[in-house]
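Following: one structure in C-alpha cells, then a few remarks.
Atom set for the values below is all heavy atoms of this structure, side chains included, hydrogens, waters and symmetry mates excluded. Being a predicted model, the structure only gives us computed values, none of them experimental.
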Amino acid sequence: MTQSLDQAIASFEPNLPLTIGYSGGADSTALLLACAQKWPGQINAIHIHHGLQAAADEFAAHCLAFCKRINVPLTVKKVDAKHELGESPEAAARNARYSAFSSSNMPLSGVFTASEAIKNIADNVKIANIALAQHADDQAETLLLALSRGAGLPGLAAMPSAWLRDGIQYYRPLLQVSASEVRRWLAEQTEFGEGNGKLLGVPFVEDPTNTDESFTRNRIRAKLLPALDAVFPQFRDTFARSSSHAAQAQTLLNEVAEQDLLKTDTPPNIKQLQQLSDVRMGNALRFWLKKSHQTTPSTAQLNQLIAQIKVCTTRGHQIHIKVGRGFVERQGVSVHWYNP
C-alpha cells in the first residue's frame, strides 16, 4: 500500500552513517531533508555532476548551498556520462552514477567549495550505505517501460527496495510514496535551518530534461500515468504487487540456475548443458552471464547460443556468438565469455 513520506521514513532502518544520492530535485531533496531530520550528524550527501546540460554547474552549486544550509556534508563527483553506440543516454548516466558511488570517498564533516568538490578531493570515509529517492511513480514507470520492451521477469520485477552492489548497501525507502505525496510533504516543510539561517519553504531544482518527451520514460509520465490515475487509481499498489510476484519468481529461477550450474561447472560444460531442457539451459546461461560477467544477453542472442550448444557434438564444432558487451565462444569442453 502507498504510504505518506513520514510513514516511509519512520519505517526506514538503514545502516548508519547513510549517504543520500542528491540531485537537487524535489524527490532527493525530500529524502535528504527527512533523513537529516531523523538522523542528525549521521547523513552525508553525494551529487553526481553528469555534465550533460548547461545547467549542471548550477545544479551542483544549488546542492552545495542547500547542504550547507542544513549542515549536511556534500561531495560533488564529476563523471563522463556520454553514451556509447547502442547504449541509451539514461543507461549511460545510470552506469556513471553507480561507478561514481563505488569509487567515491565521503568527507567526515564540512562542506566543500564547488571547485574542490567537483575535483573530488575528499579522501576520508568510503561510502558504505546509500539511499536513492525513486518513488512509487518511478516504480510504475519502470514496470511500464519494461512491458513496452518485452522484458522478462528481471525487468518486470522493476526496482528493488534494497540491494548490494560493489560492496555498497543501497536503499530505496520511498518506493511506496507517490510523487504527489513527495511534493505535498516538501510544501509542508515551511521552516528549516538554524538561528538566523531559517528559510521559508524548501528549494529544489527542476531538471528540464524531465519534461522532454523524446524520452520514453517522460512520455509514460506525461501521458500514461494520468490516464491510469483516472481509470485505475490504485495502480501504484497493484503494479507494485505484480512486480513483487515477478521478483519472487525470479528468485526461484535463480535458485534453479545455481543448482544446474553446480552440475555443469563454471564456466559451463557443454555436454552437461545439453542434458538440460532448452528452458533450463537458457536460465542457467543467463544466470551465469549475469553473475560472473555482469552482462545480459538479448532474447535473440540467448536463443542462438542455446541452438549452437545443442548441436555442438563434434570436436571441431566452433561457437562464437555476440552476447551482451562481449562474446561467448567454445574453449575445449566449455563455453567462455570474454570482452575483447
Side-chain angles (χ1 to χ4, degrees), residues 79-103 132 142-143 145-160 163-168 170 216-217 243 246-247 249-270 272-274 276-310 312 318-340:
V79 299
D80 180 5
K82 293 183 178 65
H83 63 285
E84 299 177 358
L85 184 65
E87 183 182 31
S88 72
E90 301 97 318
R94 182 172 59 250
N95 291 334
R97 285 194 296 273
Y98 281 121
S99 294
F101 294 153
S102 63
S103 64
L132 307 178
T142 300
L143 176 58
L145 196 59
L147 285 168
S148 74
R149 294 171 174 170
L153 287 176
L156 300 182
M159 297 183 290
W163 75 104
L164 192 67
R165 175 171 174 162
D166 298 329
I168 299 175
Y170 286 84
T216 305
R217 181 180 285 274
S243 290
Q250 185 59 53
T251 298
L252 180 59
L253 287 178
N254 289 345
E255 291 176 0
V256 172
E258 286 184 315
Q259 293 172 4
D260 287 339
L261 287 172
L262 286 175
K263 301 173 185 175
T264 65
D265 297 325
T266 302
N269 178 279
I270 292 171
Q272 293 298 324
L273 285 172
Q274 290 169 342
L276 301 173
S277 68
D278 289 5
V279 173
R280 288 183 71 152
M281 188 194 305
N283 185 52
L285 289 168
R286 187 185 295 109
F287 183 82
W288 162 62
L289 288 165
K290 181 68 174 178
K291 183 176 182 180
S292 298
H293 303 292
Q294 294 74 54
T295 195
T296 301
S298 68
T299 300
Q301 291 171 344
L302 186 62
N303 288 341
Q304 185 183 13
L305 180 56
I306 292 169
Q308 285 295 309
I309 289 173
K310 287 175 66 177
C312 186
Q318 298 299 310
I319 296 174
H320 185 80
I321 298 171
K322 173 72 174 175
V323 173
R325 307 181 314 277
F327 295 86
V328 170
E329 68 176 15
R330 178 182 181 178
Q331 294 182 13
V333 298
S334 303
V335 286
H336 295 249
W337 183 90
Y338 72 97
N339 188 9

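Summarising the geometry of S243 relative to A158, their closest heavy-atom pair is OG-CB, 3.6 Å, with the distance given to 0.1 Å. Closest approach of L143 to L156, counting heavy atoms only: CD1-O, 3.5 Å. Taking all atoms of both residues into account, the shortest heavy-atom contact from N269 to S334 is CA-OG, 4.0 Å. P267 and H336 get closest at one heavy-atom pair: CG-CE1, 3.2 Å. When all heavy atoms are compared, the tightest approach of M281 to L273 is CE-O, 3.4 Å.
Note: H320 and Y338 have tilted aromatic rings, judged against thresholds of 30 and 60 degrees for the angle between ring planes.
Side-chain contact check for E255 versus L252: some heavy-atom pair is nearer than 4.5 Å. Between L305 and P297 there is no side-chain heavy-atom pair separated by less than 4.5 Å.
Formation of a donor-acceptor pair under 3.5 Å by the R286 side chain with backbone atoms of W288 is not found in this model. A donor-acceptor pair is defined here as one N or O able to donate and one able to accept, closer than 3.5 Å; such a pair exists between the side chain of T295 and the backbone of R325. Side-chain atoms of N283 come within 3.5 Å of backbone atoms of L253 as a donor-acceptor pair (strictly under, hydrogens ignored). Remark: the backbone N or O of C312 is paired with a side-chain donor or acceptor of Q274 at under 3.5 angstrom.
Between Q250 and N254, the side chains place a donor N or O and an acceptor N or O closer than 3.5 Å (distance only, hydrogens not considered).
The environment of K310 atom NZ is sparse: at most 12 non-hydrogen atoms of other residues, nucleotides or ligands sit within 6.0 angstrom.
Between V335 and the choices V323, I321, I319, the side-chain contact (heavy atoms from CB on, under 4.5 Å) rule is met once, by I319. The only member of T264, L261, D260 that meets side-chain contact (heavy atoms from CB on, under 4.5 Å) when paired with Q272 is T264.
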